[in-house]
Peer 1: 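Pasting in a structure now, in structure tokens, and then I'll have a few things to ask.
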Amino acid sequence: MKDIPPRYNPKDHEESIYSKWENSRLFHAEPDPSKKPFTITIPPPNVTGILHMGHALNNTLQDILIRWKRMQGSASLWVPGTDHAGIATQNVVERNLREKGITRQGLGREKFVEEVWKWREKYGNTIIMQLKRLGASCDWERTRFTMDKGLSEAVLEAFVQLYNKGLIYRGNYIINWCPRCQTALSDEEAPHQDVEGKLYYILYSFKEGKGVVVATTRPETMLGDVAVAVNPKDRRYKKLMGKKLILPIVGKEINIIADDFVDKKFGTGAVKVTPAHDPNDFEMAKRHNLEPITVMGPDGRMNENAGRFNGLDRFEARKLIVAELEEKKLLIKTEKHDHAVGHCYRCHTVIEPYLSLQWFVRMKPLAEPAIEAVRSGKIKFHPKRWTKVYLNWMENIKDWCISRQIWWGHRLPVYYCQKCNAVIVSKVTPEKCQKCGSVELKQDEDVLDTWFSSWLWPFSTLGWPEKTKDMEYFYPTSVLVTAPEILFFWVARMIMSGKEFIKEIPFSDVYIHGTVRDATGKKMSKSLGNIIDPLEIIDGFGADALRFSIISITSAGQDVFLSKEKFEIGRNFANKIWNASRFVLMNIEQRAERVEHRAEEKLSIADRWILSRLNRTIEAVTRALKNYRFNEAESLLYDFFWHDFCDWYVEMVKPQIIGQSAESKEQRTGEILIHVLENSLKLLHPFMPFVTEAIWQSIRERDSIMIAAWPEADKHYINKKIESDIEIVKNIIVNIRNIRSDMNIAYSKKLTVGLAPLKQGAGSVVSNNAEYIKNLAHLEKLTIDENFIRPKSSLSAVTEEFNIFIPLEGVIDVEAEKARLVKKQDLLKQQIVFTEKKLKDKNFMDHAPESVVRAEQEKAEKLREQIDRLGKTIEDL
RNA sequence: GGGCUUAUAGCGCAGUUGGUUAGCGCGCUUCCUUGACAUGGAAGAGGUCACAGGUUCGAGUCCUGUUAGGCCCACCA
């Protein structure tokens, strides 16, 4: 064991350990009736993605749970995979092709999709390789992709089922349209962001006479106006109801209509109605039987209905229209107006509300059972507060636009008869029209929203719609770990899909962790350039360091603020574990399989203390994990291992094993050392899998710690009395060290110390532990005597249980020390004279702020205390 | 506009159902290369727990309000 280097170098171990695990199929889980299933549902990362800190946190949490449960003997399953990320992937491949001068349209649909598959074969594995470096113990043999055969089958099944139930429909509605990606988006894919805008007040004149002023933020849409609406209760406009206005620039006549939707207080109380470009106006137009006029095309440019503005970009058109209105004196005024505008979540282009023919899922009927599942407590959120967020969203849910005008994704299983216009929805391509028998059928061009496949993930990955053994055994899954960002996108929808298709919830617990931010609180993102790359951290500090550090600073559901220095915590701890193990292995020959419970008298007090602390820690760590209190579990382990085990226990037993021949070494101590070490390694393994495995391999050559049994607390060892006795002993040692430090007594100088017990029974506590005190405080002699009389030239300290006396005659030059202290005291006296003078100074007292005066008073107080203390010390010497 | 969340040492944060002397990491001061570890050890300094009220024998913790940050949701053009 002497060839173990004194520094843990992750690079020497991580790769080989991981491949060993993988080759031994230790990640693999099969249905096993003799075990309990434990399954996590993971958010499948985007196939174009690379590992960022959010992933690192998320996957570390999941791996902790999976490894912990596996050690507890569950059939612990983590199905990994990626989703096909329709829009993002298509954008990436399109960009690559453009560099070669190829356009998607030029290539054609079939060829383009082939190109995407090729790209996916080449690069789609990146994030999976990165998860392996993090140590994720996924069952890689089960790796799934939302576009693979089984999952595609599930998508078709889901679509057809919902369609047949009347829960999927097609219709013309205003949806979120990204003019850059040229596709529809769901509401969740178009998050609102505040932008600085302007509110333009425009005069719409009557044929004769003045007219009505309307306010708008998007003047270019006025080309598609079909009316002006006012509130029916608005007195200002009562007389004008039904009158006709001339739409500026266009020159056509439009009506003034009355509608309750209009807010009297906003703007002028009159609003232009543009049904093709605003969802509210669309609804209003329906109520008044007005035909929408679309003035913009899918590319965000004005179309033929925009007259001479045809072909202009929407923002360009806005400028020209505003200029023209100004020229015609129709622009009454312009106000600054900040408002929230939807942005494409993939390319951040401003969304255009756009009237088009799309497919939707009716959500209300799906939401009801999903609301019930959470209300009834069958599904629990951690932390609890997310329950309210979830319920609030679900209760106000709107229909889900699922069709996308892109090529990469699951094509809708919808076919149109070219002859009789019948709509056929079928999992397999129909041969002929069921209605008229025509063979001229055309499949819908659109693909489905990527989330339409990921919302099936918990069961589609287990084989659904087939009835598989996996489904039967592993469903419903146990827990979902995720970030709050995809609560609506994904978590809520999975609950709905589970209840709809399986009639059973997909998981019982949802743990929502915080968002990873940089040190200044900004969300980490590529565009901000504040990314800390997890791979770089793994290279520099090790995967264990990354894992430990990120968990240690993540308290339940709080956002995480990161900077590179924080990874030193984990690196240092891994090194500490390494070296403590190194010490144990270098000094212990025997391998204790287990410490059997012994008669108490055979164990030393130190042994009984560390066993008490160990079992208490086992209990607390297990409970913390059960409650998803990951950082608490870590800090319990950190404190136990570093402070109790290394700082105290190992130091206490050192004299028994160092410098002793093999025969005279205390066998018992060796057993306890290895027992505590092994159990600590097991407890630490879910958090720091590599370093714990590396050490485990040197203790037990063949076994893997991954499948070692999770320790169970043996209450028999937990002993309050022993723990408080050791606290008393530690207290004495600290007090003696304190005096040593104050008096500058070299460590090499051995002291003689006298203890006078102040409480009944205190004396025996110390006499039982005298050796520890002598060793750790570096004493020559320790006297315990109730009637101990303070010797001349000695210093003392008081604890609750003892008076501690340390004679210094012969240890240090007492006279010289006295002189040094007197000098120090004089210096302090000078200072206090100065301060007191200040406090008596009328000028100062009258003019200085109260806080400054108080600070001076406190300073004087402190100085006085210090002087008194020094005086006592000098006297004692 | 609605909802959530945060304020504890110079900095970053813990502090489960109220109950010993409010902890941890970094940083700082002093000392130490003693045979696991300087990515270490020993000792220490540093806190009116944002502010104002209230409940209680007792509040960092519970309630009300104030101030200042952060986040999410929302169709006032």
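As a basis for the values below, the full set of heavy atoms in this structure was taken, side chains included, without hydrogen atoms, waters or symmetry mates. So that the names make sense, note that chain A is the first sequence line, chain B the second, and so on, each numbered from 1. Quick caveat, the model's predicted, so the values are computed rather than measured.
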Peer 1: Name the pairing partner of B:G2, where a pair is Watson-Crick or G-U wobble with both distances under 3.5 Å, or state none.
Peer 2: B:C72
Peer 1: Pick the P atom in B:A45 and in B:C24, then give their distance to the nearest Å.
Peer 2: 13 Å
Peer 1: With both distances under 3.5 Å as the test, what is the Watson-Crick or G-U wobble partner of B:G19?
Peer 2: B:C57
Peer 1: Using a cutoff of under 3.5 Å, can you pull out all pairs of nitrogen or oxygen atoms linking the protein to nucleotides 75-77 of chain B, with atom names and distances?
Peer 2:
residue, atom, partner, partner atom, Å
B:C75, OP1, A:K398, NZ, 3.1
B:C75, O2', A:N280, ND2, 2.9
B:C75, N1, A:N280, OD1, 3.3
B:C75, O2, A:N280, OD1, 2.5
B:C75, O2, A:N280, ND2, 3.1
B:C76, O2, A:D263, OD2, 2.2
B:C76, N3, A:D263, OD2, 3.2
B:A77, OP2, A:H337, NE2, 3.4
B:A77, N6, A:D263, O, 2.8
B:A77, N6, A:F266, O, 3.2
B:A77, N1, A:D263, N, 3.3

Peer 1: Is it the case that A:D260 and A:N231 place a side-chain donor and acceptor less than 3.5 Å from each other?
Peer 2: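 Result is no, nothing qualifies.
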Peer 1: Can you tell me how far C1' in B:G46 sits from the matching atom in B:G10, rounded to whole Å?
Peer 2: 9 Å
Peer 1: Say you pick atom P in B:C4 and the same atom in B:A77; how far apart are they, in whole Å?
Peer 2: 25 Å
Peer 1: B:G47 and B:G41: how far apart are their P atoms, nearest whole angstrom?
Peer 2: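 Rounded to whole Å, the distance is 26 Å.
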Peer 1: Can you tell me the Watson-Crick or wobble partner of B:U66, both distances under 3.5 angstrom?
Peer 2: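 Check on B:U66: paired to B:A50, both distances under 3.5 Å.
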Peer 1: Can you tell me how far C1' in B:U55 sits from the matching atom in B:A68, rounded to whole Å?
Peer 2: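 Those two atoms are separated by 27 Å.
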Peer 1: Can you find a donor-acceptor N/O pair under 3.5 angstrom joining the side chain of A:E634 to the base of B:A14?
Peer 2: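 Under the 3.5 Å cut-off, the side chain and the base do not form any donor-acceptor pair.
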Peer 1: Quote, to the nearest angstrom, the C1' distance that separates B:U16 from B:C11.
Peer 2: 27 Å
Peer 1: Could you tell me which nucleotide pairs with B:G40 by Watson-Crick or G-U wobble geometry, both distances under 3.5 Å, or answer none if nothing does?
Peer 2: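 Pair assignment: B:G40 / B:C32.
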Peer 1: Between B:A50 and B:U5, how far is it from one C1' atom to the other, in whole Å?
Peer 2: 15 Å
Peer 1: If we ignore angles and hydrogens, is there a donor and acceptor under 3.5 Å between the side chains of A:D259 and A:H288?
Peer 2: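 Indeed, the side chains of A:D259 and A:H288 share at least one donor-acceptor pair under 3.5 Å.
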Peer 1: Is a side-chain N or O of A:D263 found less than 3.5 angstrom from the main chain of A:K265, in a donor-acceptor match?
Peer 2: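 Flag set: sc A:D263 to bb A:K265 pair under 3.5 Å.
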Peer 1: In whole angstrom, give me the gap between the C1' atoms of B:C49 and B:A9.
Peer 2: 10 Å
Peer 1: Please tell me which of the listed nucleotides, B:G40, B:A14, B:A36, lies nearest to the side chain of A:N631?
Peer 2: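 Closest nucleotide to the A:N631 side chain: B:A14.
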